[in-house]
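Convention: sequence-line order gives letters A, B, ...; per-chain numbering from 1.
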Number of protein chains: 2
Amino acid sequence: MSSKFIDNPLNCPVTRTISIIGGKWKPIILNCIGDRTIRFGKLNQIIPSISNKVLSSELRELEQYGLIHRIEFTEMPPRVEYSLTNAGKSLLPLLLELANWGNTHTAKKIIKEFT
Amino acid sequence: MSSKFIDNPLNCPVTRTISIIGGKWKPIILNCIGDRTIRFGKLNQIIPSISNKVLSSELRELEQYGLIHRIEFTEMPPRVEYSLTNAGKSLLPLLLELANWGNTHTAKKIIKEFT
DNA sequence: TAATTTGGTTACCTTTTGGTTACTTGTATT
DNA sequence: AATACAAGTAACCAAAAGGTAACCAAATTA
């Protein structure tokens, strides 16, 4: 395989979704952006355990996929604002389900037991 | 951090969910099990690009989390059947959203472009 | 007698992911 | 004159994830 996508991604919708937003950080980043416009530094502050190297590369990848906008202001010090595109916004119901399940007793119990 | 879970998992529901079922294979496996009882070999056949080493370790992890049942029959050749627990079944709406988004034009276009 | 079947495990290796530290840039502040 | 700011990037390294190939058990089939 020559791409990061899983084999046969055309045949399974779950596989397609995981190929695009799977991974440790992408859903968290998308959810943190949500409906607002947010700067790089603010994201870094809301998700403190991500390094800025990884945050920046994940943002670039999401931008390539057309899921987020990146607007760079030519100011000094620099300012860059991120927001969801319409394609990115179409993920919000999914992110909501992700959050809903994370709020269940089941999820909290698993985290408690295995942390 | 001493576990595989992301920092501050107690504070963010999306982070909790990703800590539990994030990764390349878990959602795909859970979705393939779905409402049925399914044998190891059948899963391997439905998800051909996963190695049986990884399939087996993912299944063991999901079992530890209490998301799947594993019933081993003492037969030869062996037979092992997997199914979702009630906790695992509580993920079905989320898996459905995952599949729904994977069926959108947006998802298909991204896969097409980047494969 | 030898191959087949099923559900794995083990050892080994490669790839991917993620983290750390230092550095940059131009303006404003101390 | 030195420092801080924001948003990164580059070089480097460690850890985790994932893949491959070989192997096992005991009964059945050819």
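- Checked by atom type and distance alone, the side chain of A:Thr17 pairs as donor or acceptor with a backbone atom of A:Pro13 at under 3.5 Å.
- Atom-to-atom, CD of B:Gln45 to P of C:dT5 comes out at 13 Å; the value is rounded to the nearest Å.
- Between the NZ atom of A:Lys24 and the P atom of C:dT16 there is a distance of 18 Å, rounded to whole Å.
- Annotation: side chain to side chain donor-acceptor pair (under 3.5 Å) contacts of A:Ser90 (sequence neighbours excluded): B:Trp101.
- Partners of A:Asn52 according to the side chain to side chain donor-acceptor pair (under 3.5 Å) rule, which considers only residues two or more places apart in sequence or in another chain, do not exist here.
- Taking the side-chain contact (heavy atoms from CB on, under 4.5 Å) definition, one finds that A:Pro78 meets it with A:Met76, sequence neighbours left out.
- Atom-to-atom, CG of A:Asn44 to P of C:dG19 comes out at 11 Å; the value is rounded to the nearest Å.
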For nucleotides 20-30 of chain C, 5' to 3', base contacts (B), sugar-phosphate-only contacts (S) and non-contacts (-) with protein non-hydrogen atoms under 4.0 Å give B----BB----

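- Distance A:Phe5 CZ to C:dT16 P: 14 Å, rounded to the nearest Å.
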For residues 33-46 of chain A, dump all side-chain donor-acceptor pairs below 3.5 Å to protein atoms at least two apart in sequence or in another chain.
from: A:Arg36; atom 1: NE; to: A:Cys32; atom 2: O; distance (Å): 3.1
from: A:Arg36; atom 1: NH2; to: A:Cys32; atom 2: O; distance (Å): 3.0

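- The only member of B:Lys26, B:Lys24, B:Lys53 that meets salt bridge (charged side-chain N to carboxylate O under 4.0 Å, His left out) when paired with B:Glu58 is B:Lys26.
- Other residues sharing a hydrophobic cluster with B:Phe73 under the 4.5 Å side-chain heavy-atom criterion for ILVMFWY residues are B:Ile71.
- The separation between A:Ile29 atom CD1 and C:dT17 atom P is 13 Å, rounded to whole Å.
- Among residues two or more places apart in sequence or in another chain, the side-chain contact (heavy atoms from CB on, under 4.5 Å) test is passed with B:Glu72 by B:Arg70, B:Val80.
- Pairs engaging residues 43-70 of chain B under the ring pair (Phe, Tyr, Trp, His ring centres under 6.0 Å) rule: A:Phe114-B:Tyr65 [sequence neighbours left out].
- Contacts between residues 65-73 of chain B and DNA chain D, defined by a heavy-atom separation below 4.0 Å, involve no residue at all.
- On the nucleic acid side, DNA chain D contacts chain B at distances under 4.0 Å to non-hydrogen atoms, with the end points of that region at D:dG18 to D:dA27.
- The residue among B:Arg79 and A:Val54 whose nearest nucleotide of DNA chain C is located toward the 5' end is B:Arg79.
- With sequence neighbours excluded, the residues that form a side-chain contact (heavy atoms from CB on, under 4.5 Å) with A:Lys109 are A:His105, A:Glu113.
- Evaluation of the side chain to side chain donor-acceptor pair (under 3.5 Å) rule for B:Glu81 yields B:Arg79 as partners, not counting sequence neighbours.
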